[in-house]
Chemist: 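Provided herewith is a single structure, encoded as structure tokens, for subsequent inquiry.
Not measured: the values here are computed from a predicted model. These numbers come from the heavy atoms of this one structure, side chains and all, not from hydrogens, waters or symmetry mates.
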Amino acid sequence: MKYVATISGHEYLIEIIDDHTVRLDGKNYTVDFDSLNDQPVYSLLLDGRSYESYVYPGDEGLQVILHGHQYIANVEDERERRLRAAAGSKVSENMVFHLKAPMPGLVVDVPVEDGQEIEAGDVLVILESMKMQNELKSPRSGTVSRLRISSGDRVEQRQTLLSVL
């Protein structure tokens with residue numbers, strides 16, 4: 001599985017290769033990572049060097065204390081990142097929004113129809129990919145237009161599914 005961790009504005013690409021190997025920005029590391037006594041304290045062995053950190057969820061992301069310094073880390077997997085990008089995190093109310101498939105998959109349901117008025121956050125399409133159903137939601141209020149898919153259709157990544165005016 002691949003992840004993107006953002007710490008202090010810098011993005012790190014992380015890929016878990018197996019139980020003891022991770023790839024960080026293209027370089028492989030041998031790791032052993034474990035929670036101590038089911039507490040938010042973690043032990044990390046990284047290429048033979050030992051680290052202890054305190055990790056807990058905060059309002060802005062994961063709060064990580066390492067060597068007396070506090071960091072805020074936001075971690076998302078590739079699927080979450082594609083879904084967020086497909087939702088168009090910053091969509092102008094005056095522009096047409098084109099919902100595109102964040103990944104290839106099967107359209108399970110289209111709970112909206114052409115001409116329907118919708119609100120921000122309404123589910124537009126339910127897409128199944130990798131045995132998971134993903135609700136694709138509208139980033140803004142508007143009217144559904146140019147519906148290009150229906151239940152049972154197979155779609156490709158970045159294929160336009162519908163538009164919101």
Chemist: Checking Y42 now: which residues fulfil ring pair (Phe, Tyr, Trp, His ring centres under 6.0 Å) with it, not counting sequence neighbours?
Modeler: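 Expected list: F33.
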Chemist: Are L24 and I16 connected into the same hydrophobic cluster when the rule is that any two of I, L, V, M, F, W, Y join if their side-chain heavy atoms are below 4.5 Å apart?
Modeler: yes
Chemist: Cluster partners of V108, using ILVMFWY side-chain heavy atoms under 4.5 angstrom, listed by chain and number?
Modeler: V123, I126
Chemist: Under the rule for ring pair (Phe, Tyr, Trp, His ring centres under 6.0 Å), what residues qualify as partners of Y54, not counting sequence neighbours?
Modeler: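 Listed in chain order: Y56.
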Chemist: Which heavy atom of S151 sits nearest to which heavy atom of D109, and what is that distance?
Modeler: OG-CA, 3.4 Å
Chemist: For V155, give me all partners under side chain to side chain contact (heavy atoms under 4.5 Å, CB included), at least two apart in sequence or on another chain.
Modeler: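 For V155, the residues satisfying side chain to side chain contact (heavy atoms under 4.5 Å, CB included) (neighbours in sequence not counted) are A101, V107, L127, I149, Q159, L161.
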Chemist: Output every pair passing ring-ring contact (aromatic ring centres under 6.0 Å, His included) with a member in residues 2-23, not counting sequence neighbours, ordered by first then second residue.
Modeler: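 Only H10-Y12 qualify under ring-ring contact (aromatic ring centres under 6.0 Å, His included).
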Chemist: Hey, are S163 and H98 close enough side-chain-wise for a donor-acceptor pair under 3.5 Å?
Modeler: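 There is such a pair between these side chains.
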Chemist: Where do R148 and D153 come nearest, in terms of heavy atoms and distance?
Modeler: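 Distance-wise, the nearest heavy atoms are O-OD2, 4.5 Å.
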Chemist: Are the side chain of D47 and the backbone N or O of Y29 linked by a donor-acceptor pair below 3.5 Å?
Modeler: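 No; judged by distance alone, with no hydrogens or angles, the pair does not exist.
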Chemist: Pick one: which of T21, I17, V22 meets side-chain contact (heavy atoms from CB on, under 4.5 Å) with V31?
Modeler: V22
Chemist: Show your working on side-chain contact (heavy atoms from CB on, under 4.5 Å) between V110 and L147 and close with a plain yes or no.
Modeler: CA-CA 9 Å; V110 184; L147 191 59; 3.8 Å; yes
Chemist: Apply ring pair (Phe, Tyr, Trp, His ring centres under 6.0 Å) to Y51 and list each qualifying residue two or more places apart in sequence or on a separate chain.
Modeler: H67
Chemist: If hydrophobic clusters are built by linking Ile, Leu, Val, Met, Phe, Trp and Tyr wherever their side-chain heavy atoms come under 4.5 Å apart, do V75 and I72 end up in the same one?
Modeler: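 No, separate clusters.
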Chemist: Can you confirm whether V164 sits close enough to T143 that some side-chain heavy atom of one is under 4.5 Å from a side-chain heavy atom of the other?
Modeler: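 Side chain of V164 against side chain of T143, heavy atoms only: no contact under 4.5 Å found.
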Chemist: Looking at side-chain heavy atoms only, is the closest gap between R146 and L165 below 4.5 Å?
Modeler: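 A side-chain contact under 4.5 Å exists here.
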Chemist: Restricting to pairs with a member in residues 113-130, which pass salt bridge (Lys or Arg N to Asp or Glu O under 4.0 Å), not counting sequence neighbours?
Modeler: none
Chemist: Is there a path from L106 to L99 through hydrophobic residues (I, L, V, M, F, W, Y) whose side chains come within less than 4.5 Å of each other?
Modeler: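 Different clusters.
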Chemist: Provide the closest heavy-atom pair for S141 versus A120 in the form atom of the first, atom of the second, distance.
Modeler: OG-N, 3.3 Å
Chemist: Working to the nearest 0.5 angstrom, can you tell me the gap between L124 CG and S138 OG?
Modeler: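 Spacing of CG (L124) from OG (S138) equals 5.0 Å.
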Chemist: Could you tell me which residues satisfy side chain to side chain donor-acceptor pair (under 3.5 Å) with E52, sequence neighbours excluded, listed by chain and number?
Modeler: none
Chemist: Going by the rule side chain to side chain contact (heavy atoms under 4.5 Å, CB included), which residues pair with L13 if we only count those two or more places apart in sequence or in a different chain?
Modeler: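 Scan of L13 (side chain to side chain contact (heavy atoms under 4.5 Å, CB included), adjacent residues dropped) gives V4, D25.
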Chemist: I need the full list of salt bridge (Lys or Arg N to Asp or Glu O under 4.0 Å) pairs touching residues 8-21, with sequence neighbours left out, sorted by first then second residue.
Modeler: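 Residue pairs with at least one partner in residues 8-21: E11-R81, E15-R23.
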Chemist: For R140 and I118, work out which heavy atoms get closest and say how close.
Modeler: O-CD1, 4.1 Å
